Amino acid sequence: MTGTIFHVDLDAFYASVEQQDNPSLKGKPVIVGPQPGNRGVVSACSYEARRFGIHSGMPVSRAARLCPQGIFRPVRMKRYLEISEEIMKELADITPVFQQISIDEAFLDLSGTERLFGPALQVGRMIKERIADRFGLTLSIGIAANKFLAKLASEYEKPDGLFQVTEPIEFLDRLSLKDIWGIGEKTLDRLAELNITSIQKLRSFSRDILCSMMGVAGGRYLYLAARGMDPGIYSDHPRSHSISSERTFARDKKDRTAINKTLLELSQQIMHRLIVGGWQANTAVLKVRYEDFTTTTIQKTLKHYLTSSDELYRVALELLRKKWNGSTPIRLLGVGTTQLLRPGSLEQGELFEDRDLKRRKVEQAVTELKEKMKGLKLTKASLLETKDRCG
DNA sequence: TCTGGGGTCCTTCCGCGA
DNA sequence: TCTGTCGCGGAAGGACCC
Ligand SMILES: [Mg+2]
Ligand SMILES: [Mg+2]
């Protein structure tokens, strides 16, 4: 029995929202990201901008040179989230077997619904019409027997595309290696060194050989991908979770007071998100990027869970002291937490928990949050002072 | 060209205890 | 008791994706 998976992917999402919210931008090269002259890269751009050679991930400074008449807009994440939520609700209405995988993408499992809904392509057209009518946005849909192929299929005719894979091998052989989800620049280079330059060629290698060349997980992945079998690109239950926040300075910094201030702000953001999300974390991570772009992280696992932003801040400071010589200019600072655990979820060996207990925990978290917000100003000042002393 | 911010997963190394 | 090895958790780095 063969499944029918839809992958739905909005086209140039952020840029399209900007055009929709301001129709005078339609038909024009819209580039979403920092203003030119600032550090950073393009988050998204309209197809008109792509004709100038612009793509997401490109430094805005370069984008501005390629397209001086481009319209540069800041990232309005709140707005995109709002639209995304509404669209995802629409999609989830179609089938309960629905999995959102990013702000603008989702899988729908419509296996065995042909008698109810009609042929898959027709359902695809219906979805596209619906979203176009209600939101004025175009999207691309890929339909295939598994998530892996469906994802590739939605790319195939982008933008405003609709494609169903009926012959997986034929379909794959029309693509290039780089099109495969999970094969990036480095893997492409390594494969090229082994004289593997196409998906057909990749398919001719045994699983064992691929594993010996690319690692156990990598080899397995490539072996399955080349055959159109889902290597597991989006698991239903991710095994790791982390929360982090980082900032690239407008200009590299070596001033201790400014650096400490950033560290404190980042720590507060993280702790806020931990509390709101109901997470417990026992590992703190500090990330430092220097002027030459070398990046290091240093982490520490505690014997208890982090309980306050002050505590996280103190750990971050301690880690920075270990890493930083105090004079090399810093380009980016980041603070994060890993090993996240939601109290009361299966890990602790409880199959279920009564609702009152959950409710109490939420309440407790909110109270703690309020406490923290109250004491914020005072804490901030005091902590910054102690810090300056050792700088 | 001069390189964001938010993530997940994998590999390798190391020390520890069985 | 010595030695090899195995599994594990922690740490650091890296590839990749949106
Ligand atoms: Mg996408
Ligand atoms: Mg998209």
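This is a predicted model, so every value here is computed, not measured. In what follows, chains are A, B, ... by sequence order, proteins preceding strands, each numbered from 1.
When the P atom is used for both dT3(B) and dC17(C), the distance is 22 Å, rounded to whole Å.
Contacts of Arg289(A) with the nucleic acid, taken as non-hydrogen atoms under 4.0 Å apart, involve only primed sugar atoms and P, OP1 or OP2. When heavy atoms are screened at a 4.0 angstrom cut-off, Thr295(A) is found touching no nucleic acid atom at all. Contacts of Val42(A) with the nucleic acid, taken as non-hydrogen atoms under 4.0 Å apart, are absent. Residue Ile298(A) is in sugar-phosphate contact alone, with no base atom involved, counting any heavy-atom pair closer than 4.0 Å across all strands shown. Contact annotation for Ile103(A): no contact, since no heavy-atom pair falls under 4.0 Å across all strands. Residue contacts for Ser56(A): at a heavy-atom cut-off of 4.0 Å it reaches no nucleic acid atom on any strand shown. Counting non-hydrogen atoms under 4.0 angstrom, Ile270(A) reaches nothing in the nucleic acid. Contacts of Gln339(A) with the nucleic acid, taken as non-hydrogen atoms under 4.0 Å apart, involve only primed sugar atoms and P, OP1 or OP2. Nucleic acid contact class of Leu332(A) (heavy atoms, under 4.0 Å, all strands): sugar-phosphate only.
Look at CZ on Arg190(A): it is 12 Å from C1' on dG14(C), rounded to the nearest Å. Rounded to a whole Å, the NZ atom of Lys303(A) is 13 Å from the C1' atom of dG9(C). We find that CG of Asp11(A) is positioned 14 Å from P of dC18(C), with the value rounded to whole Å. dG14(C) atom C1' lies 16 Å from atom OH of Tyr221(A), rounded to whole Å. Rounded to a whole Å, the CG atom of Leu266(A) is 15 Å from the P atom of dG4(B). Atom pair Met58(A):CE and dT3(B):P shows a separation of 13 Å (rounding to whole Å applied). Residue His237(A) contributes atom NE2, which lies 17 Å from atom C1' of dC9(B) at whole-angstrom precision. Rounded to whole Å, the distance from NZ on Lys78(A) to C1' on dG6(B) is 17 Å.
Candidate nucleotides dT8(B), dG4(B), dC18(C) were compared by shortest atom distance to the side chain of Lys151(A), and dC18(C) ranks first. The side chain of Ser240(A) lies closest to dT8(B), out of dT8(B), dG4(B), dC18(C). Which of dT3(B), dA15(C), dC18(C) sits closest to the side chain of Lys186(A) comes down to dA15(C). Of the candidate nucleotides dA11(C), dC9(B), dA15(C), dA11(C) has the atom lying nearest to any side-chain atom of Thr301(A). Comparing dC17(C), dT8(B), dC16(C) against the side chain of Glu185(A) picks out dC16(C) as the nearest. With dC10(B), dA11(C), dT1(B) as the candidates, the nucleotide lying closest to the side chain of Gln299(A) is dA11(C). When distances are taken from the side chain of Thr187(A) to each of dC16(C), dC18(C), dC10(B), the shortest belongs to dC16(C). Closest to the Arg239(A) side chain, of the nucleotides dC10(B), dC2(B), dT1(B), is dC10(B).
In this structure, Lys178(A) does not pair ionically with Glu185(A), as no charged nitrogen and carboxylate oxygen lie closer than 4.0 Å. Residues Glu18(A) and Arg73(A) are not paired through a salt bridge, judged by the lack of any N-O separation under 4.0 Å between the basic side chain and the carboxylate. Ion pair Glu86(A)/Arg134(A) not flagged as a salt bridge, since none of the NZ, NE, NH1 or NH2 atoms sits closer than 4.0 Å to an Asp/Glu carboxylate oxygen.
At least one test fails for Arg220(A) against the ring of Tyr223(A): distance under 6.0 Å to the centre or angle within 45° of the axis. Judged by a 6.0 Å distance limit and a 45° cone about the ring axis, Arg51(A) is not positioned over the six-membered ring of Tyr47(A). For the pair Lys147(A) and Phe107(A), the cation-pi test (distance below 6.0 Å, angle within 45°) is passed.
Within the structure, every side-chain polar atom (N or O) of Ser242(A) is placed at least 4.0 Å from both OP1 and OP2 of dG6(B). Here Arg331(A) reaches the OP1 or OP2 of dT3(B): one of its side-chain N or O atoms lies under 4.0 Å away. Note on Arg65(A): a side-chain N or O is less than 4.0 Å away from OP1 or OP2 of dC2(B).
Each of Met214(A) and Thr248(A) lies near DNA chain B, and the nucleotide nearest Thr248(A) is the one positioned closer to the 5' end. Of the residues near DNA chain C, Thr297(A) and Lys178(A), the one whose nearest nucleotide (by heavy atom distance) lies more toward the 5' end is Thr297(A). When each of Glu246(A) and Pro238(A) is assigned the nucleotide of DNA chain B bearing its nearest heavy atom, the one mapping closer to the 5' terminus is Glu246(A).
Residue Met126(A) places its CE atom among more than 12 non-hydrogen atoms of other residues, nucleotides or ligands, all under 6.0 Å distant.
An aromatic stacking contact links Phe293(A) with the base of dT3(B), defined here by ring centres under 5.5 Å apart and ring planes under 30° from parallel.
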